[in-house]
Engineer: 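Supplied in structure tokens, the structure appears directly below.
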Amino acid sequence: MSESPYNSGTTHFGFRDVAARDKQKLVGEVFTSVAGKYDLMNDLMSLGIHRVWKRYFTATAQVRPGDRVLDLAGGTGDIAALLKSRVGKTGSIVLGDINAGMLTVGRDRMTDRGLVAGMEYVQCNAEALPFPDNSFDLVTIAFGLRNVTDKDAGLREMYRVLKVGGQARVLEFSEVKPEWFRPIYDFHSFKVLPRLGKLFAGDADSYQYLAESIRKHPPQEQLKAMMTEAGFARCRYTNLSAGIVAIHDGYKA
């Protein structure tokens, strides 16, 4: 069954139950706190492997020169930068993020890389996107869906703004598959990661939340079902690194 936090008026913020209306603000505070050290955050959470995951995620996306792409929860622009060469000079990428601090970091980094032409930056909520129907050939969201309060609404919006035949791709931490590996992964997530966050970023609480948010995110089969329910066709997923992360795909028929 898919998650509908607004039905009860409460949702999860990590392992805490909070009013659904408060989650956006709480998540915003986390990412405002970590915006300047976002790459460090990802390195600590994934032991640096996130760079490989992102390259695979973008290299296997359905995109070609001239396409228009929406990258939600665009963070520091990692996904947009990797996709820029694939859409070419005639294509365009909209980097969207609900957090102004993250969006600013992303814009500055893209500019520093010399990636200016064909780039747009929009502060937006994934649950209510400010774009017309059938606007994009590809919609991506990497390590952001788990922070969306109403994930069903976010998936429906991704479907709405896609063109017919367009692809939606979700890269997200998921459920580790090997039983023997789970205790090791839990130890890293809940014991090591917050301490590293405190040591390197002076912020243990945000890193504790991020570890907890991974465990509350729908596992592979549940997210696949949610995408199907949102209207996507040919939904599938690919596990990476034993299911630490998964790539989910869906198409607008």
Engineer: Under a 4.5 Å cut-off applied to non-hydrogen side-chain atoms, are Val87 and Pro65 in contact?
Structural biologist: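 No; the side chains remain at least 4.5 Å from each other.
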Engineer: Does anything in residues 96-106 form a salt bridge (Lys or Arg N to Asp or Glu O under 4.0 Å)? List the pairs, not counting sequence neighbours.
Structural biologist: none
Engineer: Among the clusters formed by ILVMFWY side chains lying less than 4.5 Å apart, do Met158 and Tyr237 turn up in the same one?
Structural biologist: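 In one cluster with Met158: Tyr237, no.
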Engineer: Could you verify whether a donor N or O on one side chain and an acceptor N or O on the other, from Trp53 and Ser241, lie under 3.5 Å apart?
Structural biologist: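 The answer is yes; a qualifying pair exists.
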Engineer: Quick one: list whatever passes salt bridge (charged side-chain N to carboxylate O under 4.0 Å, His left out) with Arg113, sequence neighbours left out.
Structural biologist: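 Per chain and number, Arg113 pairs via salt bridge (charged side-chain N to carboxylate O under 4.0 Å, His left out) with Asp78.
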Engineer: Kindly compute the distance separating OG (Ser174) from NE2 (His217), expressed to the nearest 0.5 Å.
Structural biologist: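 Ser174 atom OG to His217 atom NE2 measures 6.0 Å (nearest 0.5 Å).
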Engineer: Determine whether the side chains of Arg169 and Thr60 contain a donor N or O and an acceptor N or O closer than 3.5 Å.
Structural biologist: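 Yes, because at least one side-chain N or O of Arg169 sits under 3.5 Å from a partner of the opposite role on Thr60.
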Engineer: Which salt bridge (Lys or Arg N to Asp or Glu O under 4.0 Å) pairs, counting each pair once, include a residue from residues 177-192, with sequence neighbours left out?
Structural biologist: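 Only Glu175-Lys177, Glu179-Arg182, Asp186-Arg215 qualify under salt bridge (Lys or Arg N to Asp or Glu O under 4.0 Å).
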Engineer: State which residues pass ring pair (Phe, Tyr, Trp, His ring centres under 6.0 Å) with His50; sequence neighbours excluded, sorted by chain then number.
Structural biologist: none
Engineer: Who are the side-chain contact (heavy atoms from CB on, under 4.5 Å) partners of Pro178, not counting sequence neighbours?
Structural biologist: Val176, Trp180, Phe181, Ala242
Engineer: Mind checking ring pair (Phe, Tyr, Trp, His ring centres under 6.0 Å) for Tyr159 and listing every partner two or more places apart, or none if nothing turns up?
Structural biologist: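 Counting only residues at least two positions away or on another chain, Tyr159 forms a ring pair (Phe, Tyr, Trp, His ring centres under 6.0 Å) with Phe232.
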Engineer: Could you pull out all residues at least two apart from Asp133 that satisfy salt bridge (charged side-chain N to carboxylate O under 4.0 Å, His left out)?
Structural biologist: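 For Asp133 the salt bridge (charged side-chain N to carboxylate O under 4.0 Å, His left out) partners, ignoring immediate neighbours, are Arg160.
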Engineer: What I'd like to find out is whether the side chain of Arg109 reaches to under 4.5 Å of the side chain of Val105, using heavy atoms alone.
Structural biologist: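 SC-SC contact between Arg109 and Val105 confirmed.
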Engineer: Please enumerate all residues that pass salt bridge (charged side-chain N to carboxylate O under 4.0 Å, His left out) together with Arg236, with sequence neighbours excluded.
Structural biologist: Asp249
Engineer: Side-chain contact, heavy-atom cut-off 4.5 Å: Ile79 with Val69?
Structural biologist: no
Engineer: Please list, chain by chain and in numerical order, all residues satisfying side-chain contact (heavy atoms from CB on, under 4.5 Å) with Thr228, sequence neighbours excluded.
Structural biologist: Cys235
Engineer: Is it the case that atom OH in Tyr56 sees more than 12 heavy atoms from other parts of the structure closer than 6.0 Å?
Structural biologist: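 Open: at most 12 neighbouring heavy atoms sit under 6.0 Å from OH of Tyr56.
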Engineer: Would you compute the distance between atom CG of Asn99 and atom CG of Asn125 and round it to the nearest 0.5 angstrom?
Structural biologist: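 Rounded to the nearest 0.5 Å, the CG-CG separation comes out at 12.0 Å.
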Engineer: Under the side-chain contact (heavy atoms from CB on, under 4.5 Å) test, which residues partner Thr238, sequence neighbours left out?
Structural biologist: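 Partners of Thr238 by the side-chain contact (heavy atoms from CB on, under 4.5 Å) criterion, ordered by chain and then number, come out as Leu240.
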Engineer: Could you pull out all residues at least two apart from Thr104 that satisfy side-chain hydrogen bond (donor to acceptor under 3.5 Å, both in side chains)?
Structural biologist: none
Engineer: Name every donor-acceptor pair, under 3.5 Å, that has one atom in a side chain of residues 136-145 and the other anywhere in the protein, sequence neighbours excluded.
Structural biologist:
from	atom 1	to	atom 2	distance (Å)
Asp137	OD2	Arg68	N	2.8
Thr140	OG1	Asp71	OD1	2.8

